[in-house]
Protein chains: 2
Amino acid sequence: MLPNDQANRVFHALADATRRDILVRALEGPRNVSALARRYPMSVAAVQKHVAVLEAAGLVSKQRRGREQLVHPNVDTVRGAYRLLEQLEAVWLGRIDRIGELLAADHDTGPTP
Amino acid sequence: MLPNDQANRVFHALADATRRDILVRALEGPRNVSALARRYPMSVAAVQKHVAVLEAAGLVSKQRRGREQLVHPNVDTVRGAYRLLEQLEAVWLGRIDRIGELLAADHDTGPTP
DNA sequence: CATATCTACAACCATTTGGTTGCAGGAAAG
DNA sequence: CTTTCCTGCAACCAAATGGTTGTAGATATG
């Protein structure tokens with residue numbers, strides 16, 4: 001499971017529309033940084049920083065090819081975030097179950113009339 | 001689907017271990033702010049701010065009961081984030097599919113030897 | 001070689017974040 | 001009524017965020 005501080009980095013990285021889009025583009029196929037930068041109304045350096053945030057979170061890796069740096073996705077990390085949210089929902093469903101048990105128990109022992 | 005700026009708020013809210021824990025406690029059962037605050041090494045006001053961030057993201061709502069304010073979860077918003085990550089994975093799987101198609105096409109037409 | 005392209009990194013700046021303390025109001029308990 | 005508890009809000013502060021510009025190195029291209 002994602003350790004707590006990586007979870008912090010992953011969700012922080014996802015909390016920005018530009019970074020989410022960069023991730024989508026990388027998922028579609030490897031892109032270099034300046035090609036990515038052409039899609040957004042900001043400097044190349046700003047996009048470099050966004051990629052660095054995604055990389056620190058383990059959501060993408062960079063791979064040199066000649067003078068360019070290809071950004072490609074780490075799907076496993078996306079799944080890690082996915083699983084964390086799944087666990088949150090499991091807590092919720094567990095609570096529902098416990099309520100169900102209580103109701104069943106109530107029904108079994110029945111409130112003395 | 002979550003609008004872009006709500007997605008920003010949701011992932012930002014999840015990018016903090018204290019806030020994720022608050023969400024878990026709320027999922028276990030409604031808690032008031034000062035009961036939550038006792039669990040963390042910080043002031044009540046700090047926890048109030050964390051709850052406000054979760055509330056702005058739509059992850060929890062507050063409901064007054066007498067002098068206390070019960071924090072209870074909005075599971076639908078958790079599922080919204082869930083779905084967004086699902087979509088990311090779908091992009092990835094779509095790419096895999098396209099690669100599969102290409103390979104199949106390569107196999108069909110075959111590279112002329 | 002000369003020039004253009006892709007990247008890295010530093011310095012700088014405004015804004016946001018995440019904490020603090022202090023104060024005031026409403027509800028519960030003595 | 002007085003006191004205690006829970007909450008809301010404002011002011012303040014250090015650190016992080018998200019952008020900029022500028023400089024420099026390495027690789028392609030003419």
Side-chain angles (χ1 to χ4, degrees), chain A residues 4-26 28-73 81, chain B residues 4-26 28-73 81:
Chain A
N4 237 344
D5 51 338
Q6 193 188 0
N8 293 352
R9 284 192 295 268
V10 169
F11 286 121
H12 169 67
L14 292 172
D16 180 282
T18 301
R19 285 195 289 263
R20 285 196 300 276
D21 195 72
I22 290 177
L23 184 54
V24 168
R25 298 315 158 189
E28 289 174 350
R31 312 291 171 105
N32 67 45
V33 177
S34 49
L36 286 168
R38 279 181 223 114
R39 313 187 90 260
Y40 313 111
M42 65 186 69
S43 67
V44 177
V47 174
Q48 269 183 320
K49 286 193 187 180
H50 283 306
V51 170
V53 170
L54 288 165
E55 195 179 14
L59 285 165
V60 305
S61 310
K62 288 186 297 184
Q63 187 183 350
R64 268 222 172 275
R65 197 182 60 182
R67 69 178 161 183
E68 53 189 9
Q69 193 92 246
L70 293 186
V71 177
H72 59 89
Chain B
N4 236 344
D5 50 339
Q6 193 186 1
N8 292 351
R9 285 192 294 268
V10 168
F11 285 121
H12 169 67
L14 293 172
D16 181 282
T18 301
R19 285 194 291 262
R20 284 196 302 275
D21 195 72
I22 291 177
L23 185 53
V24 168
R25 301 312 157 191
E28 289 173 352
R31 313 290 171 105
N32 67 44
V33 178
S34 49
L36 286 169
R38 281 181 223 112
R39 312 188 92 260
Y40 313 110
M42 67 187 69
S43 67
V44 178
V47 174
Q48 269 183 321
K49 285 192 187 182
H50 282 305
V51 171
V53 170
L54 288 165
E55 194 179 15
L59 285 165
V60 305
S61 310
K62 287 187 296 186
Q63 186 183 351
R64 267 224 173 271
R65 198 183 59 183
R67 69 176 161 184
E68 53 190 8
Q69 192 93 246
L70 294 186
V71 176
H72 60 89

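Atoms considered below: every heavy atom in the structure, side chains included; atoms not considered: hydrogens, waters and symmetry mates. Chain letters run A, B, ... following the sequence lines, proteins first and then strands; every chain starts at 1. These numbers were taken from a predicted model, which means no experiment stands behind them.
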Query raised in the report: Considering only heavy atoms, which members of residues 15-26 of chain B lie under 4.0 Å from some atom of DNA chain D?
Result: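 Contacts with DNA chain D under 4.0 Å: none.
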With sequence neighbours excluded, residues passing side-chain hydrogen bond (donor to acceptor under 3.5 Å, both in side chains) with [X]:
{"X": "B:D5", "value": "none"}
{"X": "A:S61", "value": "A:N74"}
{"X": "A:E28", "value": "A:R25, A:R31"}
{"X": "B:H12", "value": "none"}

Does the side chain of [X] get closer than 4.0 angstrom to OP1 or OP2 of [N] through an N or O atom?
{"X": "A:R31", "N": "C:dC6", "result": "no"}
{"X": "A:S34", "N": "C:dT7", "result": "yes"}
{"X": "B:Q48", "N": "D:dG8", "result": "yes"}
{"X": "B:S43", "N": "C:dT20", "result": "yes"}

Can you name the salt bridge (charged side-chain N to carboxylate O under 4.0 Å, His left out) partners of [X], sequence neighbours left out?
{"X": "B:K62", "value": "B:E55"}
{"X": "B:R65", "value": "B:E68"}
{"X": "A:R67", "value": "none"}

Query - B:H12, nearest nucleotide to its side chain (from C:dG18, D:dC9, C:dT7) - result: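 Taking heavy atoms from C-beta onward, the closest nucleotide is C:dG18.
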Closest non-hydrogen atom pair between [X] and [Y], with its separation:
{"X": "B:N8", "Y": "A:A15", "answer": "O-CB, 3.6 Å"}
{"X": "A:L59", "Y": "A:A13", "answer": "CD1-CB, 3.8 Å"}
{"X": "B:R20", "Y": "B:L14", "answer": "NH1-O, 2.7 Å"}

Report task. Tell me, please, which residues at least two apart from A:A45 pass side-chain contact (heavy atoms from CB on, under 4.5 Å). Result ->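 Testing A:A45 for side-chain contact (heavy atoms from CB on, under 4.5 Å), a comparison that skips the adjacent residues, returns A:S43, A:Q48.
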Taking only nitrogen or oxygen atoms into account, show me every contact under 3.5 Å that the protein makes with nucleotides 12-16 of chain C, one pair per line with its distance.
none

Report task. Take atom CG of B:N8 and atom P of D:dG18, then tell me their distance rounded to the nearest Å. Result -> 10 Å
Query raised in the report: Taking CD from A:Q69 and P from D:dA28, how many angstroms apart are they, rounded to a whole number?
Result: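 The distance from CD of A:Q69 to P of D:dA28 comes to 13 Å, rounded to the nearest Å.
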Query raised in the report: side-chain contact (heavy atoms from CB on, under 4.5 Å) between A:V71 and A:N32: does it pass, once the steps are laid out?
Result: CA-CA 6 Å; A:V71 177; A:N32 67 45; over 6 Å; no
Can you give me the N/O atom pairs linking the protein to nucleotides 1-4 of chain D at distances under 3.5 Å, or say none if there are none?
none

**Report entry** Stretch residues 52-65 of chain A: residues that reach within less than 4.0 Å of DNA chain C through a heavy atom
**Finding:**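 Within this stretch, A:K62, A:R64 sit under 4.0 Å of the strand.
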Query raised in the report: To the nearest 0.5 Å, how far apart are CZ in B:F11 and CG in A:D16?
Result: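 Separation between the atoms: 12.0 Å.
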Query raised in the report: Starting at the 5' end of DNA chain D, which residue's closest nucleotide do you reach first, B:E68 or A:M42?
Result: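 Taking each residue's closest nucleotide, the earlier one in sequence belongs to B:E68.
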